[in-house]
**Student:** 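First the structure, then my questions, so here it is.
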Amino acid sequence: MLDQIHWLAAVTVLGVLEQAYFFLQVIYARRLFGISPPKISGPPEFERIFRAQVNSSEYFPIFLALLWQAGLFFHQGLAAALGLLYLYARYCYFKGYKASSSERLTPIYFSAGVLWILTAVSALGILHFFLSHYVGLNVLQLLTA
């Protein structure tokens, strides 16, 4: 069983570490700009860092659910590769948003595209499972025949 999920687990850990890095960046920015919690407003530089972290945190559960569904129901390697692309895009998003709000756009569009691909792959994998398990229809065998 573990050989079927080890890449998914590795990408999950990388994602958690990325989220921790984003959290730390907010802590450093709070210290740098003298903004104590629970305040969330301040100079634009702080607000961009704060928003980048919050936005990334909001999408993280969606990413994890899709990563694991795609990996379990479709293909672990493809899901893990897409997961790495997503994490890289989120890192670029964070760095871009930290520099300027306009520099976040390309990475956010790219990461959204990866999420849509993970959604499609997950749906296809789950559909295939239901068709083969409950209807007895193996789509892959039909396509290769």
Side-chain angles (χ1 to χ4, degrees), residues 1-134 138-140 142-144:
M1 168 77 178
L2 291 179
D3 61 330
Q4 297 172 358
I5 61 169
H6 63 283
W7 289 114
L8 301 174
V11 172
T12 299
V13 170
L14 284 174
V16 169
L17 291 174
E18 182 177 69
Q19 290 298 307
Y21 170 76
F22 295 160
F23 289 134
L24 288 174
Q25 293 302 302
V26 172
I27 292 170
Y28 297 145
R30 284 188 179 281
R31 289 180 184 157
L32 178 66
F33 297 108
I35 300 171
S36 299
K39 288 184 183 179
I40 59 171
S41 61
E45 296 83 3
F46 169 76
E47 290 183 7
R48 288 194 310 267
I49 293 168
F50 181 78
R51 287 302 317 153
Q53 181 269 319
V54 170
N55 291 347
S56 295
S57 295
E58 290 170 345
Y59 276 89
F60 194 61
I62 297 167
F63 162 68
L64 286 180
L66 292 172
L67 172 74
W68 281 86
Q69 288 174 2
L72 293 174
F73 287 97
F74 194 84
H75 191 274
Q76 176 189 206
L78 176 64
L82 289 168
L84 290 174
L85 276 175
Y86 177 81
L87 293 177
Y88 177 71
R90 270 295 164 172
Y91 177 78
C92 292
Y93 165 80
F94 188 89
K95 287 299 192 183
Y97 206 169
K98 185 176 177 181
S100 164
S101 61
S102 63
E103 289 187 39
R104 78 189 195 288
L105 296 176
T106 300
I108 195 68
Y109 294 146
F110 185 78
S111 66
V114 173
L115 283 180
W116 279 112
I117 294 169
L118 279 171
T119 301
V121 169
S122 297
L124 286 173
I126 293 169
L127 178 64
H128 177 262
F129 174 80
F130 280 128
L131 288 175
S132 63
H133 191 73
Y134 293 108
N138 190 330
V139 178
L140 294 178
L142 292 174
L143 291 175
T144 59

**Student:** Do Pro43 and Ile35 touch side chain to side chain, with heavy atoms closer than 4.5 Å?
**Tutor:** yes

**Student:** Is atom OH of Tyr28 surrounded by more than 12 heavy atoms (other residues, nucleotides or ligands) closer than 6.0 Å?
**Tutor:** no

**Student:** Nearest 0.5 Å, what's the CD1-CG distance between Ile117 and Leu66?
**Tutor:** 12.0 Å

**Student:** To the nearest 0.5 Å, what is the distance between CZ (Phe22) and NZ (Lys98)?
**Tutor:** 10.5 Å

**Student:** Could you state the interatomic distance from CG (Leu67) to CG (Leu72), rounded to the nearest 0.5 Å?
**Tutor:** 9.0 Å

**Student:** Assess whether side chain to side chain contact (heavy atoms under 4.5 Å, CB included) is satisfied between Val16 and Phe60, documenting all intermediate values.
**Tutor:** CA-CA 9 Å; Val16 169; Phe60 194 61; 4.1 Å; yes

**Student:** Do Tyr86 and Val11 have side-chain heavy atoms sitting under 4.5 Å apart?
**Tutor:** no

**Student:** For Ala89 and Pro107, which heavy atoms make the closest approach, and how far apart are they?
**Tutor:** O-CB, 3.5 Å

**Student:** How about Phe130 and Tyr134: are their ring centroids closer than 6.0 Å?
**Tutor:** yes

**Student:** Under a 3.5 Å distance rule, please check whether Ser111 uses its side chain to pair with a backbone N or O of Ile108 as donor and acceptor.
**Tutor:** yes

**Student:** Measuring from Leu2:CG to Leu8:CG, what's the distance to the nearest 0.5 Å?
**Tutor:** 11.5 Å

**Student:** Please check this pair: side chain of Gln4 against backbone of Gln76, looking for a donor-acceptor N/O pair closer than 3.5 Å.
**Tutor:** no

**Student:** For residues Leu87 and Phe63, determine if any side-chain heavy atom of one lies less than 4.5 Å from a side-chain heavy atom of the other.
**Tutor:** yes

**Student:** Using atom types as modelled and distance alone, determine if a side-chain donor or acceptor of Gln53 lies under 3.5 Å from a backbone N or O of Phe23.
**Tutor:** no

**Student:** Would a 4.5 Å heavy-atom cut-off, applied to side chains only, mark Phe94 and Asn55 as touching?
**Tutor:** no

**Student:** Please determine whether side chain to side chain contact (heavy atoms under 4.5 Å, CB included) holds for the pair Tyr91 and Tyr21, giving the CA-CA distance in whole Å, both sets of side-chain angles, and the decisive distance to 0.1 Å.
**Tutor:** CA-CA 10 Å; Tyr91 177 78; Tyr21 170 76; 3.9 Å; yes

**Student:** Using a cut-off of 6.0 Å, state whether more than 12 heavy atoms not belonging to Trp68 lie near its atom CH2.
**Tutor:** yes

**Student:** When you look at CD1 of Ile40, are more than 12 heavy atoms from neighbouring residues, nucleotides or ligands closer to it than 6.0 Å?
**Tutor:** no

**Student:** With a 3.5 Å cut-off and no angle check, do the side chains of Gln19 and Ser57 form a donor-acceptor pair?
**Tutor:** yes

**Student:** Does any part of the side chain of Leu85, heavy atoms only, come nearer than 4.5 Å to the side chain of Phe110, both counted from C-beta?
**Tutor:** yes

**Student:** Would you check, one step at a time, whether the test side chain to side chain contact (heavy atoms under 4.5 Å, CB included) holds for Leu84 with Leu14?
**Tutor:** CA-CA 9 Å; Leu84 290 174; Leu14 284 174; 3.7 Å; yes

**Student:** Is the number of heavy atoms from other residues, nucleotides or ligands under 6.0 Å of Tyr88 OH greater than 12?
**Tutor:** no

**Student:** Distance-only, no hydrogens or angles: does the Arg51 side chain make a donor-acceptor pair with backbone N or O of Arg48 under 3.5 Å?
**Tutor:** no

**Student:** State, yes or no, whether a side-chain contact exists between Tyr93 and Arg90 at a heavy-atom distance under 4.5 Å.
**Tutor:** yes

**Student:** Report the C-alpha separation of His128 and Phe73 in whole Å, then their side-chain angles, then the decisive distance to 0.1 Å, and conclude whether the side chain to side chain contact (heavy atoms under 4.5 Å, CB included) test is met.
**Tutor:** CA-CA 8 Å; His128 177 262; Phe73 287 97; over 6 Å; no

**Student:** Report yes if the side chains of Ser41 and Glu47 come closer than 4.5 Å at any heavy-atom pair, otherwise no.
**Tutor:** yes

**Student:** How far does CD of Gln25 sit from NZ of Lys95, to the nearest 0.5 angstrom?
**Tutor:** 5.5 Å

**Student:** Let me confirm one number: the OG1-CG distance from Thr12 to Leu17, rounded to the nearest 0.5 Å.
**Tutor:** 11.0 Å

